[in-house]
Amino acid sequence: MADWVIRELKPNSVLDYGAGDGKFLAELRERFTGQLWHYDPSPALTARAKRVLQDADVRFCQDAKSLNGESIDVVTSIAVWTTLSGYQACVDYLSEQHRLLRRGGRAFVVVTHPCFREERYSSFKTQFKNDGYLRDGIPFTVDVFDRDRAVQFVDYHWNLSTMLRQSREVGFQLLAVTELPDATGGNPRGAPWLCFGFGKD
């Protein structure tokens with residue numbers, strides 16, 4: 001997700017929901033002077049993010065429920081939705097972001113593209129088979145890699161119809177869908193990433 005999209009909105013505050021090691025916020029801080037928030041339920045990832053962001057003027061939240069409702073202008077969430085194994089967990093995840101957004105706010109939620117999971121891209125590959133596309137909640141193995149290391153974990157498949165239904169259940173309006181190409185141009189087939197742009201009335 002390009003940070004210029006966020007900067008064009010000129011928000012006063014941005015919360016990265018499931019922010020992991022904080023690298024996205026570090027990149028955003030280079031070009032954004034507003035208030036930044038980091039939230040991740042993992043203590044280990046939060047500790048790593050505090051090291052990455054120690055000079056970046058970022059606020060840390062240990063529990064998103066401790067933040068006031070309608071207090072954030074933009075919420076971002078990258079590669080979190082597919083880590084959730086149950087339908088209600090997905091709804092709760094989106095509902096909390098909706099609660100935190102101010103009226104007129106925007107949420108940018110990025111997932112690996114559910115239609116192209118069989119493709120190998122420059123930074124990840126999966127063992128998902130598209131003949132299971134319409135079956136929700138299927139676990140599949142993901143390998144994420146760069147030149148130095150590789151990590152394997154399990155994600156869960158939610159097809160486009162189901163993800164849109166979940167977002168409507170919590171009150172989000174779909175404003176944009178952006179399909180993102182392979183970062184290095186390594187694989188021109190399909191798109192590895194899908195970014196939903198949601199709004200709140």
Side-chain angles (χ1 to χ4, degrees), residues 1-6 16-25 27-28 40-42 44-45 48 75-97 106-170 172-199:
M1 179 177 58
D3 59 12
W4 64 264
V5 176
I6 295 172
D16 197 10
Y17 192 101
D21 62 10
K23 288 181 180 177
F24 174 72
L25 288 175
E27 293 174 5
L28 182 59
D40 197 285
S42 166
L45 286 174
R48 188 181 306 172
V75 175
T76 61
S77 189
I78 303 170
V80 176
W81 202 336
T82 51
T83 68
L84 304 172
S85 62
Y87 188 97
Q88 188 58 48
C90 295
V91 171
D92 293 345
Y93 155 77
L94 294 169
S95 179
E96 188 61 16
Q97 294 174 68
R106 295 283 294 273
F108 296 99
V109 184
V110 181
V111 297
T112 51
H113 201 309
C115 300
F116 302 108
R117 298 204 194 283
E118 286 188 333
E119 296 292 331
R120 178 190 176 105
Y121 291 105
S122 60
S123 60
F124 71 90
K125 66 177 181 177
T126 80
Q127 295 180 11
F128 184 80
K129 299 300 181 185
N130 277 350
D131 56 8
Y133 178 79
L134 292 176
R135 294 172 54 205
D136 284 322
I138 297 175
F140 61 94
T141 301
V142 184
D143 292 286
V144 176
F145 43 80
D146 58 24
R147 291 180 179 179
D148 301 318
R149 61 176 183 164
V151 177
Q152 187 177 83
F153 54 88
V154 173
D155 269 352
Y156 299 87
H157 173 73
W158 304 101
N159 62 50
L160 277 174
S161 297
T162 298
M163 287 191 289
L164 291 174
R165 184 165 68 250
Q166 292 168 347
S167 68
R168 287 195 301 269
E169 281 187 29
V170 307
F172 272 135
Q173 288 184 311
L174 180 65
L175 302 179
V177 175
T178 305
E179 295 171 301
L180 304 173
D182 200 356
T184 65
N187 183 355
R189 291 172 56 87
W193 299 98
L194 182 66
C195 178
F196 294 99
F198 295 125

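Counting begins at 1 with the first residue of the sequence.
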- request: Might you work through the side-chain hydrogen bond (donor to acceptor under 3.5 Å, both in side chains) test for H157 and R117, ending with a clear yes or no?
  value: CA-CA 9 Å; H157 173 73; R117 298 204 194 283; 3.1 Å; yes

For [X] and [Y], which I'm curious about, is there any donor-acceptor pair between the side chains at under 3.5 Å?
X	Y	value
S95	D92	no
S77	Y93	yes
E169	Y87	yes

message: Test side chain to side chain contact (heavy atoms under 4.5 Å, CB included) on V151 and F145; report intermediate values, then the result.
response: CA-CA 6 Å; V151 177; F145 43 80; over 6 Å; no

State the [atom1]-[atom2] distance between [X] and [Y], to the nearest 0.5 angstrom.
X	Y	atom1	atom2	result
R48	D40	CZ	CG	10.5 Å
D136	C90	CG	SG	8.5 Å
E119	N187	CD	CG	5.0 Å
L164	N159	CG	CG	9.0 Å
I6	T76	CD1	OG1	5.5 Å

Would you call [X] and [Y] a side-chain contact if the rule is heavy atoms closer than 4.5 Å?
X	Y	result
F198	F108	no
F153	V144	yes
T178	L180	yes

- request: Could you check V111 against W193 for side chain to side chain contact (heavy atoms under 4.5 Å, CB included), going step by step and ending with a plain yes or no?
  value: CA-CA 6 Å; V111 297; W193 299 98; over 6 Å; no

With distance as the sole test, does [X] use its side chain to make a donor-acceptor pair with the main-chain N or O of [Y] at under 3.5 Å?
X	Y	result
D182	A191	no
T82	D155	no
N130	Y133	no
D146	R149	yes
W158	Q166	no

query: Between L160 and C115, is a side chain to side chain contact (heavy atoms under 4.5 Å, CB included) present by the stated rule, with each step listed?
result: CA-CA 8 Å; L160 277 174; C115 300; 3.8 Å; yes

- prompt: Which residues satisfy the side-chain hydrogen bond (donor to acceptor under 3.5 Å, both in side chains) test with D21, sequence neighbours excluded?
  reply: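 With neighbours one apart ignored, the set is empty.
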
message: E96: which residues meet the side-chain hydrogen bond (donor to acceptor under 3.5 Å, both in side chains) condition with it, sequence neighbours left out?
response: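 Checked E96 against side-chain hydrogen bond (donor to acceptor under 3.5 Å, both in side chains); matches are R99.
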
If every non-hydrogen atom of [X] is compared with every non-hydrogen atom of [Y], which pair is closest and at what distance?
X	Y	result
G18	V80	O-CG2, 3.8 Å
S122	A183	OG-N, 4.2 Å
L194	P114	CD2-CD, 4.0 Å

message: What verdict does the side chain to side chain contact (heavy atoms under 4.5 Å, CB included) test give for Y156 and I138, after you've listed the backbone C-alpha separation in whole Å, the side-chain angles of each residue and the deciding distance to 0.1 Å?
response: CA-CA 5 Å; Y156 299 87; I138 297 175; over 6 Å; no

query: Hey, what's the ring geometry for F140 with F128, parallel, tilted or perpendicular (30° and 60° as the breaks)?
result: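 Rings of F140 and F128: perpendicular, as their planes differ by over 60°.
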
task: Give me the ring orientation class for F124 and Y121: parallel if the planes are under 30° apart, tilted from 30 to 60°, perpendicular past 60°.
output: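 Answer is tilted, since the angle falls between 30° and 60°.
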
